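Notes for the one structure printed next.
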Amino acid sequence: MHIAIVGNIGAGKTTLANKLAHHFNWEVFLEDVDHNPYLKDFYDDMPRWAFHLQVYFLNSRFRQTQHIKKLQSASKGVIQDRTIYEDAHIFAANLHESGLMSDRDHQNYLALFESMISMVDAPDLLLYLKADLPKLIQQIEKRNRDYENNIKIEYLKNLNEHYERWISNYKYGKLLIVDVNNLDYVNNPEDLGVIIDKINSTLFGLF
Ligand SMILES: Nc1ncnc2c1ncn2[C@@H]1O[C@H](COP(=O)(O)OP(=O)(O)O)[C@@H](O)[C@H]1O
Ligand SMILES: Nc1ncnc2c1ncn2[C@H]1C[C@H](O)[C@@H](COP(=O)(O)O)O1
């Protein structure tokens, strides 16, 4: 079983991924953030580093998908924090549309993505954490990564619009949309229970 958690920056993916992995006793796959050699530079100068960062994330996410495939064939459960789809359909698409990645770099990136995606299996469940801008901003501030302090509201807004469009067209497997604006699964175990019930119901038909 493979559950992938998707959503905008600060939506609460990592926090939930860890909690679900603990609950189901499955392996968790997190994003390569702390050792990412481009992320800080990217936030300082997006046009300069957009292509480098996208190639880095694409490769690291692809390697993750191949690792997950192996665990799947050994019947192990997996929770994944963010997917390779989001790199291309959300982040790279947004950078290109915002004029922060050139046509040439975007075409080159997409060609690489297309070569890789044929080797990627869709998750059994895509869990979309839907959050409005105030919630995202509040949680990005709460996490307090220094390089994210200058993220523009416009950037988050554009990403949210891409998420809405992409999710409304997603058809590779089961999809569960959870509005997290009024959920606090950090402090309220009942809120985590609500999400776990929804997952069990969507995946296994329980409840
Ligand atoms: N539903 C929630 N309610 C309250 N705080 C949350 C919630 N989800 C995440 N947080 C907090 O918000 C911050 C960002 O969450 P994180 O899981 O890192 O988001 P993401 O991985 O989506 O970027 C963390 O400090 C986390 O503890
Ligand atoms: N593909 C990506 N392009 C640009 N930025 C990305 C990409 N994937 C992740 N990120 C950024 C967004 C955040 O600053 C960090 C971690 O993501 P988070 O949603 O906080 O887990 O990496």
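Ligands are counted one by one from 1 in listed order, and the atoms in each one are counted from 1 as well. Since the structure is predicted, the reported quantities are computational estimates derived from the model, not experimental observations.
Ligand 1 has an N or O atom lying under 3.5 Å from an N or O atom of Gly12, backbone or side chain. The shortest N or O to N or O distance between Val180 and ligand 1 is not below 3.5 Å. In terms of polar-atom proximity, defined here as any N/O pair under 3.5 Å, Gly10 does make such a contact with ligand 1.
A single hydrophobic cluster is seen to contain both Trp26 and Leu20, as judged by linkage of ILVMFWY side chains at heavy-atom distances under 4.5 Å, directly or through other members.
No more than 12 heavy atoms of other residues, nucleotides or ligands sit less than 6.0 Å from atom CG of Asn182.
Side chains of His162 and Glu97: a donor on one and an acceptor on the other come within 3.5 Å.
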I'd like a table of the close N/O pairs between ligand 2 and the protein (anything under 3.5 Å), one pair per line with both atom names and the distance.
residue: ligand 2; atom: 1 (N); partner: Gln54; partner atom: OE1; Å: 3.0
residue: ligand 2; atom: 1 (N); partner: Asp87; partner atom: OD1; Å: 2.7
residue: ligand 2; atom: 3 (N); partner: Gln54; partner atom: NE2; Å: 2.7
residue: ligand 2; atom: 8 (N); partner: Arg61; partner atom: NH2; Å: 3.3
residue: ligand 2; atom: 14 (O); partner: Tyr43; partner atom: OH; Å: 2.6
residue: ligand 2; atom: 14 (O); partner: Glu148; partner atom: OE2; Å: 2.5
residue: ligand 2; atom: 17 (O); partner: Glu31; partner atom: OE1; Å: 3.0
residue: ligand 2; atom: 17 (O); partner: Arg82; partner atom: NH1; Å: 3.0
residue: ligand 2; atom: 19 (O); partner: Lys13; partner atom: NZ; Å: 2.7
residue: ligand 2; atom: 19 (O); partner: Arg82; partner atom: NH1; Å: 2.9
residue: ligand 2; atom: 19 (O); partner: Arg82; partner atom: NH2; Å: 3.1
residue: ligand 2; atom: 20 (O); partner: Arg143; partner atom: NH1; Å: 3.0
residue: ligand 2; atom: 20 (O); partner: Arg143; partner atom: NH2; Å: 3.1
residue: ligand 2; atom: 20 (O); partner: Arg145; partner atom: NH1; Å: 3.3
residue: ligand 2; atom: 21 (O); partner: Glu31; partner atom: OE1; Å: 2.4

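For atom 11 (C) of ligand 1, the nearest non-hydrogen atom of the protein is Lys142 NZ, 3.7 Å. Of the protein's non-hydrogen atoms, Gln139 O, 3.4 Å is the one closest to atom 13 (C) of ligand 1. Among all non-hydrogen protein atoms, the one lying nearest atom 1 (N) of ligand 1 is Leu183 O, 2.8 Å. Among all protein heavy atoms, the one lying closest to atom 18 (O) of ligand 1 is Arg143 NH1, 2.9 Å. Ranking protein heavy atoms by distance to atom 21 (O) of ligand 1, first place goes to Thr14 OG1, 2.7 Å.
Of the heavy atoms in Arg82, none comes closer than 4.0 Å to ligand 1.
Residue-ligand proximity: Glu31 is placed with every non-hydrogen atom at 4.0 Å or more from ligand 1.
Checking side-chain atoms of Asp184 against main-chain N and O of Val186 turns up a donor-acceptor pair under 3.5 Å.
Leu71 shares a hydrophobic cluster with Phe29, Ile68, Val78; the chain of contacts runs through ILVMFWY side chains whose heavy atoms sit under 4.5 Å apart.
With contacts defined as side-chain heavy-atom distances shorter than 4.5 Å, the pair Leu136/Asn160 qualifies.
Taking all heavy atoms of Thr15, Val6, Ile5 into account, the minimum distance to atom 16 (P) of ligand 1 is reached by Thr15.
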